[in-house]
Amino acid sequence: MSKQGAIGVFDSGYGGLTVLKEIVESLPQYDYLYLGDNARAPYGTRSFTTVYEYTLQCVKWFFQQGCPLVILACNTASAKALRTIQQNDLVKIDSSKRVLGVIRPTTEIAGSISKTNHIGILGTNGTVQSNSYPMEISKFYPSAKVYQEACPMWVPLIENNEYNLPGADYFVKKHIDHLLAQSNEIDTILLACTHYPLLMDKIKEHVPPGINVVSQGEIVAKSLVEYLQRHPEIDQKLSKNAQISFFTTDSAEDFDSHASAFYGKSVKSTHLAL
Ligand code: DGL
């Protein structure tokens with residue numbers, strides 16, 4: 001089946017499905033190709049070089065399938081690989097292709113959500129260590145104060161289907177308490193990992209009232225709609241047959257059994273050997 005013209009959506013595993021779901025809701029007429037690099041997930045604990053190499057390999061695969069545009073629906077890949085791919089690799093591979101991430105759209109609006117100008121970030125080790133959120137937010141909102149907390153146990157809890165069980169409360173509360181201990185003026189918490197929306201109910205239980213908890217799916221979808229309006233030269237390369245194909249670098253059966261919790265409906269994936 002030709003994927004010529006599909007929008008590529010990439011994550012280390014399942015998390016990007018929370019973003020794809022919102023994108024498809026906003027732009028249902030487009031074709032999509034989703035790839036989860038489940039065999040090598042999680043990315044959050046890996047080095048810059050490793051995340052960059054894995055992400056670049058997957059981006060090249062999307063290009064080989066004919067995707068003119070790829071969204072890195074993974075904060076860790078956006079933090080550690082996007083800039084190098086945009087600045088160094090695209091010119092060598094094909095400068096007509098585009099790769100976008102999830103950090104820029106989120107940081108662009110972060111300061112408009114917070115009234116106190118004190119913003120909390122919850123993400124993987126990799127995203128937090130990269131400092132991408134504080135750096136990007138300061139470009140758009142120079143006076144904003146940004147506080148970060150890495151939550152290394154959250155992705156494993158989610159991937160192992162433990163996120164709804166009582167054991168998850170300990171780790172959810174622990175990291176929220178650490179984040180909020182940094183400032184009592186934080187009024188906005190950004191879930192800077194595409195897996196974390198699955199923990200939303202538990203997160204809200206442990207966050208005091210009056211603090212806004214924001215996930216990225218809708219923000220990224222809205223930003224993509226605006227991007228395609230501003231870039232008709234990209235939009236016209238995109239096919240619009242409302243087809244979605246799912247690929248995983250690990251077991252397709254495992255992917256299909258986990259994916260619906262992230263995507264909201266069942267999916268049928270194909271195994272990809274990279
Ligand atoms: N979903 C990825 C993100 O948004 C992280 C998962 C992982 O550690 O692989 O950062």
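Just follow the structure's listing: the first ligand is 1, and inside any ligand the first atom is 1. Numbers for residues simply follow the sequence, beginning at 1.
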Using the benzene-type ring in the case of Trp, are the ring centres of [X] and [Y] under 6.0 Å apart?
{"X": "His195", "Y": "Tyr163", "result": "no"}
{"X": "Phe255", "Y": "Tyr14", "result": "yes"}
{"X": "Phe171", "Y": "Trp154", "result": "no"}

Taking only heavy atoms of [X] into account, list the atoms of ligand 1 that are under 4.0 Å away from them.
{"X": "Asp11", "value": "1 (N), 2 (C)"}
{"X": "Tyr43", "value": "7 (C), 8 (O), 9 (O)"}
{"X": "Thr124", "value": "5 (C), 8 (O), 10 (O)"}
{"X": "Gly44", "value": "7 (C), 8 (O), 9 (O)"}
{"X": "Ser12", "value": "6 (C), 7 (C), 9 (O)"}

Can you tell if the side chain of Thr55 reaches within under 4.5 Å of the side chain of Lys80, non-hydrogen atoms only?
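Sidechains of Lys80 and Thr55: no contact.
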Taking the side chain as C-beta and beyond, is there a heavy-atom pair between Leu72 and Asp11 under 4.5 Å?
no
Look at atom 10 (O) of ligand 1 and say which protein heavy atom is nearest, naming residue and atom and giving the distance to 0.1 Å.
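For atom 10 (O) of ligand 1, the nearest protein heavy atom comes out as Thr76 OG1, 2.7 Å.
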Taking atom 3 (C) of ligand 1 as the reference point, the nearest protein heavy atom with its distance:
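Going atom by atom, the protein heavy atom closest to atom 3 (C) of ligand 1 ends up being Asn75 N, 3.3 Å.
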When only distance counts, is Cys74 in polar contact with ligand 1, meaning an N/O pair under 3.5 Å?
no
Tell me yes or no: between the side chains of Thr249 and Asn38, is some donor less than 3.5 Å from an acceptor?
no
